[in-house]
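Worksheet: one structure, shown below.
One is the number of the first residue; the rest follow in order along the sequence.
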Amino acid sequence: MNTFKTAAAVLLFWTMSVSVASRISLTANPEEATVFFSKTLELKCSFDNGVDVSQKTRDSFERQTYKSVTTIFVIMISKQGADSPLATISTADDRPVIYDDTDSLAVAGNVTLNDQTSPTPYLQLTWTKPDQDKEGVYTCFVHALDSVGRFVTFNATARVRVKLPNAVEQLRYMEELEKRLSYYAPHIEKGIVEWPMYPAKKVPVLVKFETPYAKVPVLFLSPVTLDVAEDKNMRFNIYAVNLTQSGFQLEFEIWGDTVIYVVRVQWMAISS
């Protein structure tokens with residue numbers, strides 16, 4: 001089924017459904033991710049196994065669990081403010097469908113009921129190396145059919161926070177890394193480079209090692225200070241080019257409406 005048909009089906013079931021104050025859950029792991037340090041960010045929407053949920057119908061209140069749902073049509077996770085869902089899984093598709101951020105997002109899920117070999121119905125999103133764009137409020141919708149033939153909608157929300165590491169966290173990480181590697185007595189050099197940025201969009205800086213390495217070293221980079229215009233979006237890349245045994249060229253670039261006045265970057269080179 002193509003994207004347009006799937007989206008149309010989601011809208012149809014949504015408009016026909018009876019909203020449910022449900023006990024499905026949408027959980028984030030971790031709840032607060034840290035740029036550069038958090039390897040993954042997971043969002044999982046699933047039914048709370050065996051927990052009663054209250055359903056308000058036109059005539060009465062009833063007690064219901066997910067086990068009284070006979071068919072699940074769609075599980076969908078979206079981000080507040082986005083034009084389209086991030087991902088869905090439905091009975092119409094063989095596998096989860098990703099609508100956005102296809103490069104760093106992996107999706108798994110299941111909508112099968114009454115199957116002892118299948119897990120509880122769920123939809124899970126996993127990002128690798130999450131950045132600040134992942135911060136926000138996310139909502140999961142489950143559109144289903146209950147045992148008496150009514151369309152029902154379950155929903156749950158979760159807030160995800162993504163922060164930049166502060167200078168103390170970065171220095172602690174560098175110190176711990178240096179301690180772990182000290183057993184092998186590696187050649188380690190480190191430093192902090194500071195330079196003005198505004199109004200440039202890309203600034204290269206040449207860094208030379210105090211003592212040349214026997215082989216090209218492994219290099220770690222981490223921003224320490226970013227003096228950013230408050231009314232602008234923050235977008236930046238930091239990377240090294242021309243890494244040799246004698247040094248490297250550090251490059252910091254921004255784009256769009258981002259304005260950064262001053263940049264401080266910490267680096268550490270370790271013998272390979």
Side-chain angles (χ1 to χ4, degrees), residues 32-41 100-106 126-136 160-182 184-272:
E32 183 177 74
T34 304
V35 178
F36 305 118
F37 292 167
S38 296
K39 295 182 179 180
T40 61
L41 170 63
D100 192 15
D101 202 7
T102 56
D103 292 336
S104 65
L105 178 61
T126 304
W127 288 275
T128 56
K129 298 181 180 179
D131 54 28
Q132 285 190 299
D133 289 341
K134 305 305 178 290
E135 181 168 317
V160 174
R161 294 178 173 84
V162 182
K163 67 171 185 176
L164 285 172
N166 58 43
V168 174
E169 291 172 324
Q170 295 174 42
L171 289 173
R172 185 183 300 119
Y173 173 78
M174 293 291 190
E175 290 171 356
E176 291 176 354
L177 182 61
E178 189 172 352
K179 288 179 181 178
R180 290 198 299 268
L181 295 173
S182 62
Y184 301 98
H187 177 185
I188 297 178
E189 293 188 23
K190 59 185 178 180
I192 294 179
V193 181
E194 177 178 340
W195 69 94
M197 189 75 188
Y198 185 79
K201 293 291 186 180
K202 182 176 181 179
V203 176
V205 176
L206 183 63
V207 177
K208 289 189 175 182
F209 301 130
E210 292 183 4
T211 304
Y213 285 77
K215 297 180 180 179
V216 176
V218 178
L219 185 66
F220 297 89
L221 303 174
S222 178
V224 176
T225 302
L226 298 174
D227 186 1
V228 183
E230 293 183 356
D231 59 339
K232 305 296 183 182
N233 292 316
M234 183 165 61
R235 311 178 186 89
F236 68 89
N237 280 329
I238 178 174
Y239 49 89
V241 297
N242 300 327
L243 176 60
T244 68
Q245 296 161 260
S246 301
F248 62 95
Q249 182 172 297
L250 180 63
E251 294 192 354
F252 189 94
E253 65 176 354
I254 59 177
W255 63 93
D257 65 345
T258 300
V259 174
I260 297 181
Y261 300 103
V262 176
V263 178
R264 297 179 74 226
V265 174
Q266 185 175 41
W267 62 268
M268 182 168 67
I270 305 174
S271 55
S272 57

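When atom types are taken as modelled, the side chain of E169 and the backbone of N166 share a donor-acceptor pair closer than 3.5 angstrom. In terms of modelled atom types and a separation under 3.5 Å, the side chain of E189 and the main chain of E210 share a donor-acceptor contact.
Between E253 and N237, the closest side-chain pair of non-hydrogen atoms falls below 4.5 Å. Counting only heavy atoms from C-beta outward, the side chains of L226 and F252 approach each other to under 4.5 Å. The side-chain heavy atoms of L250 and W267, taken from C-beta on, include no pair separated by under 4.5 Å. Within the 4.5 Å cutoff, the side chain of V265 has no heavy atoms near those of the V224 side chain. Two residues are said to be in side-chain contact when any heavy atoms from C-beta on lie closer than 4.5 Å; M174 and Q266 meet this criterion. Side-chain contact between I270 and P217 is absent, with no heavy atoms from C-beta onward closer than 4.5 Å. A 4.5 Å side-chain heavy-atom check between F248 and F209 finds at least one atom pair inside the cut-off. Side-chain contact check for V207 versus Q249: every heavy-atom pair is 4.5 Å or farther apart.
Defined by atom type and a distance below 3.5 Å, a donor-acceptor pair is present between the side-chain atoms of Q170 and S222. A side-chain N or O of E251 and one of Y239 form a donor-acceptor pair less than 3.5 Å apart.
Comment: E194 engages R264 in a salt bridge, judged by a side-chain N to carboxylate O separation of less than 4.0 angstrom.
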Can you list the steps and then say if W255 with F236 is a ring pair (Phe, Tyr, Trp, His ring centres under 6.0 Å)? CA-CA 7 Å; W255 63 93; F236 68 89; 8.2 Å; no

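Residues V35 and P165 come closest through the heavy atom pair O-CD, 3.3 Å.
Annotation: K201, atom NZ; neighbour count of heavy atoms from other residues, nucleotides and ligands within 6.0 Å is above 12.
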